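See structure below.
Remember, predicted model here, so these are calculated numbers, not experimental data. Chain letters run A, B, ... following the sequence lines, proteins first, then strands; residues in each count from 1.
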4 protein chains.
Amino acid sequence: MGQGYVATIFAWGLARLKKGLIDPWGVPLAGVDFGVPIESLEVVASFDVDAAKVGRSLYEVARVYGLEPEPELKEVVVQPGLKLRSSPSFIKTLALDDEHPLEDARAKFEELLDDSRPDVFIDVTTTAKSKPLFTWEEVEKGIAEGSLPHSQVYAYLALERRGVAYVNAQPAHVACSPAFVDRAAERGSLVLGDDGATGATPLTVDIAEHLAERNRRVLSIAQFNIGGNADFLSLTEPERNLAKEETKSGFLENVLGYEPPHFIRPTGYLEPLGDKKFVAMHIQWVSFGGFVDELVVNMRINDSPALAGYLVDLSRLAYASLRTGVYGTVPEINLFYMKRPGPHGTRHKAKILAYRDLLSFVERLREARGLPAREAVTRARASSP
Amino acid sequence: MGQGYVATIFAWGLARLKKGLIDPWGVPLAGVDFGVPIESLEVVASFDVDAAKVGRSLYEVARVYGLEPEPELKEVVVQPGLKLRSSPSFIKTLALDDEHPLEDARAKFEELLDDSRPDVFIDVTTTAKSKPLFTWEEVEKGIAEGSLPHSQVYAYLALERRGVAYVNAQPAHVACSPAFVDRAAERGSLVLGDDGATGATPLTVDIAEHLAERNRRVLSIAQFNIGGNADFLSLTEPERNLAKEETKSGFLENVLGYEPPHFIRPTGYLEPLGDKKFVAMHIQWVSFGGFVDELVVNMRINDSPALAGYLVDLSRLAYASLRTGVYGTVPEINLFYMKRPGPHGTRHKAKILAYRDLLSFVERLREARGLPAREAVTRARASSP
Amino acid sequence: MGQGYVATIFAWGLARLKKGLIDPWGVPLAGVDFGVPIESLEVVASFDVDAAKVGRSLYEVARVYGLEPEPELKEVVVQPGLKLRSSPSFIKTLALDDEHPLEDARAKFEELLDDSRPDVFIDVTTTAKSKPLFTWEEVEKGIAEGSLPHSQVYAYLALERRGVAYVNAQPAHVACSPAFVDRAAERGSLVLGDDGATGATPLTVDIAEHLAERNRRVLSIAQFNIGGNADFLSLTEPERNLAKEETKSGFLENVLGYEPPHFIRPTGYLEPLGDKKFVAMHIQWVSFGGFVDELVVNMRINDSPALAGYLVDLSRLAYASLRTGVYGTVPEINLFYMKRPGPHGTRHKAKILAYRDLLSFVERLREARGLPAREAVTRARASSP
Amino acid sequence: MGQGYVATIFAWGLARLKKGLIDPWGVPLAGVDFGVPIESLEVVASFDVDAAKVGRSLYEVARVYGLEPEPELKEVVVQPGLKLRSSPSFIKTLALDDEHPLEDARAKFEELLDDSRPDVFIDVTTTAKSKPLFTWEEVEKGIAEGSLPHSQVYAYLALERRGVAYVNAQPAHVACSPAFVDRAAERGSLVLGDDGATGATPLTVDIAEHLAERNRRVLSIAQFNIGGNADFLSLTEPERNLAKEETKSGFLENVLGYEPPHFIRPTGYLEPLGDKKFVAMHIQWVSFGGFVDELVVNMRINDSPALAGYLVDLSRLAYASLRTGVYGTVPEINLFYMKRPGPHGTRHKAKILAYRDLLSFVERLREARGLPAREAVTRARASSP
């Protein structure tokens with residue numbers, strides 16, 4: 001869902017990985033075998049509402065993004081999705097609901113799903129403002145009214161099917177909506193999310209843990225993000241910006257034990273930075289004896305590849321979970337890969353600690369799938385050539 | 001051992017902590033009760049070889065460093081130590097071995113220890129070059145020849161006593177010398193070390209772990225440190241610089257699974273920076289699809305307070321361990337607090353993970369001391385007022 | 001006008017300078033004699049609309065700001081000013097127009113001026129949105145309607161007098177309003193402004209010149225500012241933020257010859273940073289052969305002292321200009337000290353070049369005042385003790 | 001002289017510029033016409049002592065460096081130069097003096113020059129330690145003894161010819177040796193140098209000027225440089241490092257009026273950084289009232305392209321000067337383009353000011369060559385397409 005740069009890097013990189021043209025750097029569990037090898041992944045369908053993409057193959061889209069794609073990408077063509085009210089205003093749309101009533105459009109969308117029959121849905125659509133949904137009645141009311149943002153509508157439609165996983169890598173409340181998690185649990189499905197934790201935020205979580213363990217009192221945190229991709233462009237719309245800010249700073253109280261004054265939010269759009277965003281962060285704290293230390297972090301991060309690498313794992317983990325009978329959601333997965341880990345109310349923890357829990361969960365997957373017991377899952381790092 | 005700025009901040013801050021004048025920020029386990037409260041710590045003796053310090057009270061020394069000390073610091077007077085061959089050339093010494101044969105000087109030093117009868121020795125002397133010592137014969141030969149650096153000589157003299165702990169917070173091989181660890185084990189004593197992990201190195205370890213968990217391939221790490229305290233001045237002597245460099249970059253292979261090209265070392269002395277060193281670090285890595293990301297960290301860190309805060313914990317942990325019958329060394333303590341954790345050959349791990357192991361060790365201490373079982377040791381952060 | 005932190009640092013520092021308690025660091029022309037020594041400056045009156053300040057002496061205000069003031073500051077008491085519609089909403093006011101019609105309030109204000117008879121007015125009030133005023137009719141209409149922001153009203157009232165200087169150190173259009181400059185020229189008065197160029201912007205101007213001279217093609221500039229003083233708090237109100245942004249980025253086209261994509265604006269308020277703001281800047285450019293270079297600048301800048309140091313010079317230069325018969329405005333002064341140099345339409349130039357022109361202007365002042373000719377004005381730096 | 005990466009980028013880029021394939025970014029005076037257009041430049045010969053380069057065409061060398069060269073580069077083949085005692089130890093040499101007495105080698109070199117008859121020599125050989133040479137007797141003695149480093153020997157041999165220019169872009173004392181300048185003046189020749197001012201140093205000069213003009217008292221400057229090209233590799237040899245450090249920090253006293261404590265030097269070699277070095281700089285100063293500000297600069301700079309762009313100008317300026325009868329050396333050129341501007345004893349000045357003097361010099365060149373008078377030389381920036 002959403003054939004932007006993330007989805008395109010994912011499809012482009014996956015094709016190259018499967019042919020051994022690149023190493024699996026950036027795929028956290030690349031070196032861990034839990035029965036779903038990278039080679040088994042397949043992109044079966046793509047949806048978008050951008051008139052410049054719908055009807056084009058992923059091969060063509062990849063070339064527009066300046067990538068040199070494998071010929072396999074010609075096999076998947078972008079199909080029209082649902083724009084609803086939440087698609088960004090700067091896009092010229094070609095969507096199922098452009099000229100048809102929403103109900104017809106949803107029906108058409110479900111037909112398209114019947115054709116491709118995906119096991120795992122990946123939501124990398126544009127950030128949209130949303131609220132958590134607590135009951136299925138709320139969901140159905142929102143669907144009927146057309147008031148839900150696109151991610152929640154797509155999640156609803158996905159969960160109309162059985163035995164599927166919905167991986168929500170953007171900030172809308174999906175895995176943090178109890179209604180979706182409960183529905184998934186009932187129907188042998190799974191939702192994972194919300195909002196992929198790449199870039200500065202997960203590093204900040206671990207730095208916060210690092211400081212907390214030394215009992216350093218954080219006085220303030222300022223974190224700026226600026227980039228030139230469509231995501232940053234969409235965040236210039238204030239509602240989206242607020243939605244993003246919420247997922248970026250939620251961890252402080254949980255990790256530090258208190259909420260220090262902070263300013264953490266996507267800050268602006270600057271086209272020449274492209275997908276390689278610039279991050280600046282300032283943290284100051286009290287050390288022993290009342291002395292004040294300062295830390296400044298500056299990063300240039302390729303935003304979309306970082307998330308695309310996670311999606312390789314999330315697809316595999318989602319599929320493996322389903323096959324192992326794990327339904328609803330999996331906090332061990334969400335806590336490592338996501339900025340606002342579901343289910344609703346989950347306490348944040350340092351990513352380095354969440355990784356240990358993730359490895360334990362993977363170990364349980366391995367056992368359930370009859371893979372030989374191992375003292376500890378070998379880290380992906382052991383996969384280096 | 002070594003009444004420099006670290007030891008002085010320690011004594012000054014401890015006195016203020018005991019009177020409730022400051023909060024215990026920078027003391028990692030301030031909020032954890034394992035039977036040795038901060039209030040129970042007492043500075044009973046101090047040794048140095050700097051003619052400007054010997055014979056002065058800690059109160060006077062603190063004032064020279066620009067601190068406003070508590071009157072209690074008048075009670076401890078700096079006594080002359082052993083300069084040996086390893087004291088820095090820029091110090092005018094007043095040492096026991098200035099005019100007496102080394103053997104007599106050592107005997108005199110032991111007499112001074114008989115007076116103060118410390119439970120815990122803290123070594124915050126100047127960085128010295130050293131080699132690990134594997135057998136007690138090697139130690140005795142080095143002592144006889146006068147070829148060992150001051151830290152190893154002090155450790156030898158401390159271990160002549162029984163039931164004591166030697167906390168080595170500088171880079172010499174003490175806890176990484178099997179000879180000292182074995183001797184301590186035999187005599188109901190303990191050595192902890194080596195080289196307090198404050199400043200940029202432990203943060204770099206955790207950042208390295210953070211990258212490794214995402215399977216990002218580190219291409220290079222450059223880390224510069226410059227400061228204006230006596231430690232940086234001493235590191236302008238090439239042998240000391242090499243000794244320091246060794247403890248700063250040892251973790252890479254263990255944490256990443258490979259050793260990326262790196263330049264990690266104390267870089268220079270710049271007097272106006274004082275004790276608040278400037279750190280600059282550059283890391284670049286390969287992300288998914290072959291894209292290269294960059295991270296730059298700049299810090300201003302008060303070097304000595306950071307270590308002084310650790311010493312509060314290390315004193316308490318050392319004493320609690322001894323009273324619980326833990327002899328030799330304690331890797332769980334060393335792995336969190338030290339740059340080159342003993343015993344010799346210990347594999348490094350991320351500090352955030354080492355902290356968990358430390359908490360488990362402390363839980364065992366609590367049990368051994370009959371403190372009520374707790375689900376998990378509350379983090380120091382819970383101690384915030 | 002505006003007894004905030006800048007005005008308080010100015011009064012506090014001036015008193016200390018006059019007694020030789022501090023060196024004149026931060027006063028650009030401290031070492032240049034043009035007939036108005038620092039010692040001759042005197043603070044004769046102060047106006048504010050903050051109920052917490054009106055009626056208090058500068059001594060008391062300085063103590064609230066945590067400064068240790070000289071007793072002379074007791075002699076000046078903050079008087080009530082005009083709040084109009086442009087004072088920030090977060091201030092509890094005590095102003096002349098709180099309960100009286102604007103016309104009466106203005107008359108009362110003029111009475112207060114009759115008492116103190118200032119030669120030089122310094123405007124360091126809160127940032128307000130404004131438009132340039134081109135004719136005196138516009139000014140009078142705005143005054144009558146009560147639609148002008150406080151700075152323009154104060155400037156109007158100051159220019160009702162003769163032989164005075166109005167130094168506008170904030171972003172309102174005063175020296176960039178032709179109406180004020182013309183009026184000043186007619187009445188033997190002077191306006192200088194607008195918006196003191198301290199902090200990151202003047203450095204960015206000089207870095208831009210540095211790049212332009214090497215014919216490096218700037219691809220983008222991002223600059224973030226965050227601080228915890230009242231100025232940053234006021235900039236959280238969107239209209240003020242826009243007013244500030246305008247003066248921060250006006251120089252690019254003039255200095256580079258083209259306007260690169262940029263994001264340059266005050267970014268947020270973070271109380272614990274206090275007056276020492278944090279600045280982060282990223283610039284990338286094309287070098288020879290198409291290679292792309294990157295520059296990141298991070299600063300911690302004491303915002304108010306930097307401007308207070310300028311005010312020492314601006315007071316002296318304003319007074320010397322008036323006495324030499326220089327009326328209207330002085331672009332040579334404005335181009336060095338101001339972010340949006342008046343008069344309206346003035347082209348920006350590198351600050352290092354503007355400094356040369358400033359020295360030439362000062363040389364002309366010297367000549368006019370009969371000071372001995374010098375080959376070149378000695379730089380302030382020669383004044384170091 | 002020295003077919004390293006700088007010389008190769010220069011030849012590669014020049015060929016592309018002449019064909020209009022790239023814009024002249026990074027060539028400071030690209031937009032200024034003084035009678036020697038970029039198109040008129042021609043590479044006629046190349047010398048090196050690296051066995052891997054001698055005998056290969058520039059086309060082949062460019063490909064080894066990963067550049068896509070124009071076919072014209074096949075026309076110039078690298079010829080063997082003189083290794084002397086100063087070539088770096090890590091190079092396998094193929095030099096004229098490998099197996100022949102130095103005198104014969106020099107004679108052979110002069111023969112090779114007779115073939116190519118260059119107007120302008122460009123020295124981009126490896127950094128070598130040197131002393132300034134004051135008399136021609138000193139030069140001849142050093143030549144006879146074989147004690148001079150390669151740059152001074154090449155300069156000597158170049159000045160055996162008449163009407164030539166020797167542009168020394170590395171740190172050896174050539175333009176700062178009065179003996180060479182005097183010799184050039186006598187023989188209708190020219191020497192320019194020493195050490196191209198690219199990267200962090202010229203920016204630091206301008207930042208220092210910026211601070212000095214505001215009378216801010218610089219407390220300390222730390223500047224680190226690390227890179228992965230052959231220049232940084234050669235600087236791991238201590239003598240070369242000292243030679244480089246000298247040219248990097250010479251400006252402080254001249255620009256600031258005092259020499260603040262500083263640590264400015266090339267710091268290390270880290271291969272994966274390649275030619276794009278990493279620079280970190282920390283400056284702190286006293287502002288008005290005694291407040292201390294801090295500035296941190298981090299850069300990623302493509303080292304060789306920056307210098308190659310300068311060489312385009314320096315070749316043109318050298319040739320234009322010769323044709324206009326300007327002999328000896330030209331401080332106006334050196335002060336802008338060089339780190340240690342000749343002649344010996346020249347006071348440094350801010351680069352932004354030096355640029356103005358350079359433009360005036362160019363204006364004189366224009367007049368001498370009968371180009372129409374212009375109000376001011378248009379800046380290179382006007383050349384943007």
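- When heavy atoms are compared at a cutoff of 4.5 Å, D:Leu273 approaches chain B by way of both its backbone and its side chain.
- B:Leu270 CG to D:Phe263 CZ: the interatomic distance, rounded to the nearest 0.5 Å, is 8.5 Å.
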Using a plain distance cut of 3.5 Å, could you tabulate donor-acceptor pairs between chain B and chain D?
from, atom 1, to, atom 2, distance (Å)
B:Pro272, O, D:Gln284, NE2, 3.3
B:His282, NE2, D:Arg300, NH1, 3.3
B:Gln284, NE2, D:Pro272, O, 3.3
B:Glu294, OE2, D:Arg300, NH1, 2.4
B:Arg300, NH1, D:His282, NE2, 3.3
B:Arg300, NH1, D:Glu294, OE2, 2.4

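- Within the 4.5 angstrom heavy-atom criterion, only side-chain atoms of D:Phe278, from C-beta onward, approach chain B.
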